[in-house]
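Structure first, then comments.
When a residue number appears, it is its place in the shown sequence, counting from 1. As the structure is a computational prediction, the values presented were derived from the model and not from experiment.
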Amino acid sequence: MKLIFRYLGQAIRNFPKCFCVSMGLILALTIMETFVPWGLRQYLEQIEEQNNYGTIALGIGFFALYLIVKVFVKIIWYVSLDHFGGKYIELLTLSAERAMSEASYYDIERLGPGVVRNILYTDIFNVFRVIGHTAPAMLGAVAVILAALAISFVYEPRMTILILFATAFGILLSWCSRKILSKTAGKTNAKMKVHDAWCTQFVEMLPVIQSNHILPYYQEKTSENLQEFISTAISEDKHTIFWSELISGYHTLFSIALSALLAIPLAGNSIANLMFFTMIANLIMEQSQVLEMQFQQLSKSHVSFSHVDTLQNLPKRQIGNVERPISSVEFHDVGFSYPNGTQALHSISCQLHKGDFIRLSGPNGSGKTSFIKILTGLYPPKTGAVLFDGIPLAQYTQEKLNQHILYVGQDERCLNETFQKYLAVISGRPLSDEEFLEMLNRVQLPADSRAICENGNSLSVGQRKKLLVLKMMLKVKDSSILILDELTAGLDAETTRQVFALVQKL
């Protein structure tokens, strides 16, 4: 819970105005919720005194107006929560993206791309639900319960204590039921997943089933899976009906007991008392159930906060402030292994100097890609060191490292923009229409304002490579190190000649 409160505090500090508006509306709703039993008591007392239809009609009209106003106040409250949670989820998502961009790609791969995507989408939305709705709803429920108990205590302390103890027991009963039902529902879901996997296997194996006499085997297994699912579902239904009816029966029993107590002279023996304390009890019971449900939701969401916190606190791969150009690179006894334990590089030592034109070659799996990823700062070496002009690579700022090391890969993905917007964003400077058309003409790309889709997969191999050539032309003058990963594969002869001529000139 400490982690959740830390994130809630962060949201409040960043957006205090939105939070205060939401809390003000919670206060207004609390007053409105507790007004009903108090107002009803006053209303019934007035009816007993005046004993006429006019008072009855006036009161009903007033309560109808109150209910309409309450609906609109609640809508405004939910909108305020969406604004508060929405601003925070934007801050959180942008912060997570920034942390990922500054982290070592090794750490991203160690977590797993699928896990990271799930954190960015599912877990951050779970944080949004807690910060934007669950936590404020819990505060609102607590406020209503305390206000209702306070009003009740003013009129009859003994009845208030009875309601409080009955409510506490109801919460305990509901909590136990949810724990048991959640456990049994998990077993049913597990059996459903088993059958789902079996159905998938059956479809995939259908050609084999049709050409071999193995259908009886599959149908026997299908029957076993379904029988296990049905028996588990029956057990879940028994538990569900038992606990739901037990809780419903408890509420009914409490209402009967409360009504019986209020009917005796000792408790006032009045319709006003009966209606007042019945509504107070129902209001407290209802808000207690809301509080208990929201608390369970809070507990379930803790793992999402933990995942988001892990992403937010990934260590930065660049920790220094060096910004100067690079004239030499030294690999000193560098070793590297992937998260799964596969060793890619072992004791690599070499020196590269300004003006060197180097070809990196070797069979698949020999470590070429790992060497380049270490050189570009995506992976940290496990052993040894990478030095730029005698300075550890990690001491360079991220911005300057991106500027000084220009990597152009054959499988590099593009932005889903027009050609002109993509080149402007990737080069970091705007392109005039004249300059853009002249560059397209240089590599013989059509000037038809086409857009990139599917991160470049919508383009032919040649078109994508030519865009990457233009990226290189725009960025290379500010770079110290140029890395070309089979850029000319799939290019026409003229564009290939231009690329090599540019590299030779550099």
*Please step through side chain to side chain contact (heavy atoms under 4.5 Å, CB included) for the pair Lys221 and Glu224, ending with a clear verdict.*
CA-CA 5 Å; Lys221 288 287 187 180; Glu224 288 177 7; 4.0 Å; yes
Mind checking whether [X] and [Y] have side chains closer than 4.5 Å, heavy atoms only?
X      : Y      : answer
Ile209 : Tyr217 : no
Val142 : Leu291 : yes
Ile124 : Ile89  : yes
Ile391 : Arg324 : yes
Leu92  : Gln10  : yes
Phe305 : Val130 : yes
Met473 : Arg442 : yes
Leu467 : Gln463 : no

When you look at [atom1] of [X], are more than 12 heavy atoms from neighbouring residues, nucleotides or ligands closer to it than 6.0 Å?
X      : atom1 : value
His239 : NE2   : no
Lys382 : NZ    : no
Arg117 : CZ    : no
Glu90  : CD    : no
His332 : NE2   : no
Lys471 : NZ    : yes

With rounding to the nearest 0.5 angstrom, report the [atom1] to [atom2] distance, [X] to [Y].
X      : Y      : atom1 : atom2 : result
Phe229 : Asn189 : CZ    : CG    : 9.0 Å
Arg13  : Tyr88  : CZ    : OH    : 8.5 Å
Asp82  : Cys18  : CG    : SG    : 11.0 Å
Ser301 : Leu3   : OG    : CG    : 11.5 Å
Leu360 : Asp485 : CG    : CG    : 9.0 Å
Thr188 : Asp237 : OG1   : CG    : 8.0 Å

Closest non-hydrogen atom pair, [X] against [Y]:
X      : Y      : value
Gly132 : Leu81  : O-CB, 3.1 Å
Ile452 : Ser458 : C-OG, 4.1 Å
Leu401 : Gly377 : CD2-CA, 4.4 Å
Leu431 : Gln420 : O-NE2, 3.0 Å
Gln318 : Gln395 : NE2-N, 4.4 Å
Pro363 : Lys368 : O-NZ, 3.2 Å

Judged by atom type as modelled, is there a donor-acceptor pair below 3.5 Å linking the side chain of [X] to the main-chain atoms of [Y]?
X      : Y      : answer
Ser427 : Lys475 : no
Asn416 : Asn455 : yes
Ser235 : Ser231 : no
Asp389 : Ser327 : yes
Ser211 : Pro207 : yes
Ser480 : Pro325 : no
Ser479 : Ile405 : no

*Just do the side chain to side chain contact (heavy atoms under 4.5 Å, CB included) check on Lys373 and Phe336 with the steps written out, would you?*
CA-CA 11 Å; Lys373 286 183 176 179; Phe336 177 76; over 6 Å; no
*Arg429 and Glu435: salt bridge (charged side-chain N to carboxylate O under 4.0 Å, His left out), yes or no, with the steps?*
CA-CA 12 Å; Arg429 67 179 182 87; Glu435 183 182 8; 2.8 Å; yes
*Determine whether the aromatic ring centres of Tyr379 and Tyr338 lie less than 6.0 Å apart.*
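So the answer is yes for these two rings.
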*asked:* Between Asp309 and Tyr7, is the side chain to side chain contact (heavy atoms under 4.5 Å, CB included) condition met? List the steps.
replied: CA-CA 9 Å; Asp309 199 58; Tyr7 273 74; 2.8 Å; yes
_Test: Lys193 and Asp196 ion pair at under 4.0 Å_ =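 Here Lys193 does not pair with Asp196 in a salt bridge, since their nearest N and O are not under 4.0 Å apart.
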*Does a salt bridge link Glu236 with Lys191, judged by any charged N lying under 4.0 Å from a carboxylate O?*
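Judged by the 4.0 Å cut-off on N to carboxylate O distance, Glu236 and Lys191 do not form a salt bridge.
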*Go through the structure and list residues passing ring-ring contact (aromatic ring centres under 6.0 Å, His included) with Tyr121, not counting sequence neighbours.*
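Result, ring-ring contact (aromatic ring centres under 6.0 Å, His included) vs Tyr121: Phe125.
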*For the residue pair Ser80 and Ser22, confirm or rule out a side-chain donor-acceptor distance under 3.5 Å.*
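The criterion, which ignores hydrogens and geometry beyond distance, is satisfied for Ser22 and Ser80.
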*For residues Lys400 and Gln403, is any side-chain donor paired with an opposing acceptor at under 3.5 Å?*
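A pair is found: one side chain offers a donor N or O, the other an acceptor, under 3.5 Å apart.
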*Classify the angle between the aromatic ring planes of His133 and Phe128 as parallel (below 30°), tilted (30 to 60°) or perpendicular (above 60°).*
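Perpendicular, since the angle between the ring planes exceeds 60°.
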*Angle class for the Phe371/Phe331 ring planes (parallel below 30°, perpendicular above 60°, tilted otherwise)?*
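Parallel.
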*side chain to side chain contact (heavy atoms under 4.5 Å, CB included) between Leu470 and Leu440, intermediate numbers included*: CA-CA 8 Å; Leu470 294 182; Leu440 290 182; 4.2 Å; yes
